[in-house]
Amino acid sequence: MKPKTIKILHWTFTTLFLLAMLGDAYGGITMQQAGKDSLAKLGYPMYLLVIMGSAKIAGVLAIAQTKYKVIKEWAYSGFTISFIGAFLSWFAIGAGGAMLVPPVVMLIVMFFTYYLWKKYEQVKDLNVTNTRLAGNTELA
């Protein structure tokens, strides 16, 4: 795959993922009824909506930034824990596939964005190395 293609795919899927997480975060922070109903079914306290919504906003900001890779890694980890936790919570109460599928789908989408990010970082690092080897240090 060409570097430009990887970059476009990475930012397209990452943007879609981040928009979905921002929407979910907004629903949590504003304590939308669907979120309240879900937490009531799971037996979790209502204030968890605001905590998770705030954490998702922090995660979105961490993934959107390009300077601090470790913070981005931690954000991906946090989303992974959130999706696995959602799946296991619904599974524990015997919820059907309709409730088990969304966290799995989002986990797969998130892993795809993570894969594309890592691939893009490799291509970008390789490009900088090749530029330096060619003697174009001012471009690197």
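This one's a predicted model, so the numbers in the text were calculated from it and none came from an experiment. Along the sequence shown, residues are numbered consecutively beginning with 1.
Of all heavy-atom pairs spanning G97 and P102, the tightest one is O-CD, 4.4 Å. Listed here is the closest heavy atom pair of T113 and H10: O-ND1, 3.8 Å. When every heavy atom of A20 is checked against every heavy atom of M106, the shortest pair comes out as CB-CE, 4.0 Å. Counting all heavy atoms, side chain and backbone alike, A25 lies closest to G53 at CB-O, 3.3 Å.
For Q32 (side chain) and A34 (main-chain N/O), no donor-acceptor pair under 3.5 Å exists by modelled atom type. Distance alone, capped at 3.5 Å, places no donor-acceptor pair between the K56 side chain and the L22 backbone.
Not counting sequence neighbours, the partners of L39 by the side chain to side chain contact (heavy atoms under 4.5 Å, CB included) test are Y44, M46, L48, L49.
Side-chain contact check for E73 and Y114: at least one donor-acceptor pair (N or O, by modelled atom type) lies under 3.5 Å.
Between K69 and W117 there is a side-chain heavy-atom pair separated by less than 4.5 Å. Side-chain atoms of K119 and Q122, non-hydrogen and from C-beta on, do get closer than 4.5 Å to each other. Between W90 and S38 the shortest side-chain heavy-atom distance falls below 4.5 Å.
Under a 4.0 Å N-O distance rule, the pair K124/E121 qualifies as a salt bridge.
The line from OG1 of T80 to CE of M110 is 3.0 Å long, rounded to the nearest 0.5 Å. The structure places OG1 of T66 at 8.5 Å from OH of Y120, a figure rounded to the nearest 0.5 Å. How far OG1 of T14 is from CG of L9: 10.0 Å, rounded to the nearest 0.5 Å. To the nearest 0.5 Å, atom CG of residue D24 and atom CD1 of residue I29 are 10.0 Å apart. Atom-to-atom distance recorded for L100:CG and F87:CZ is 5.0 Å, nearest 0.5 angstrom. Within the model, atoms CE of M99 and CD1 of I93 stand 7.5 Å from one another, a figure rounded to the nearest 0.5 Å.
Tested against F17, the residues Y76, F79, W11 include a single ring-ring contact (aromatic ring centres under 6.0 Å, His included) partner, F79.
Linking ILVMFWY residues whenever their side-chain heavy atoms come closer than 4.5 Å, directly or via other members, leaves I63 and I8 in distinct clusters. By the rule that hydrophobic residues join a cluster once side-chain heavy atoms approach within less than 4.5 Å of another member, I84 and L42 end up as members of one cluster. If you chain together hydrophobic residues whose side chains sit under 4.5 Å apart, L16 and M21 never meet in one group. No single ILVMFWY cluster, assembled from side-chain heavy atoms under 4.5 Å apart, contains both L19 and V109. Under the 4.5 Å side-chain heavy-atom criterion for Ile, Leu, Val, Met, Phe, Trp and Tyr, Y68 and W74 are members of distinct hydrophobic clusters.
More than 12 heavy atoms of other residues, nucleotides or ligands lie within 6.0 Å of CZ in F112, so this atom counts as buried by the packing criterion.
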> side chain to side chain contact (heavy atoms under 4.5 Å, CB included) between Y47 and I51: does it pass, once the steps are laid out?
Replying inline: CA-CA 7 Å; Y47 62 79; I51 293 170; 3.6 Å; yes
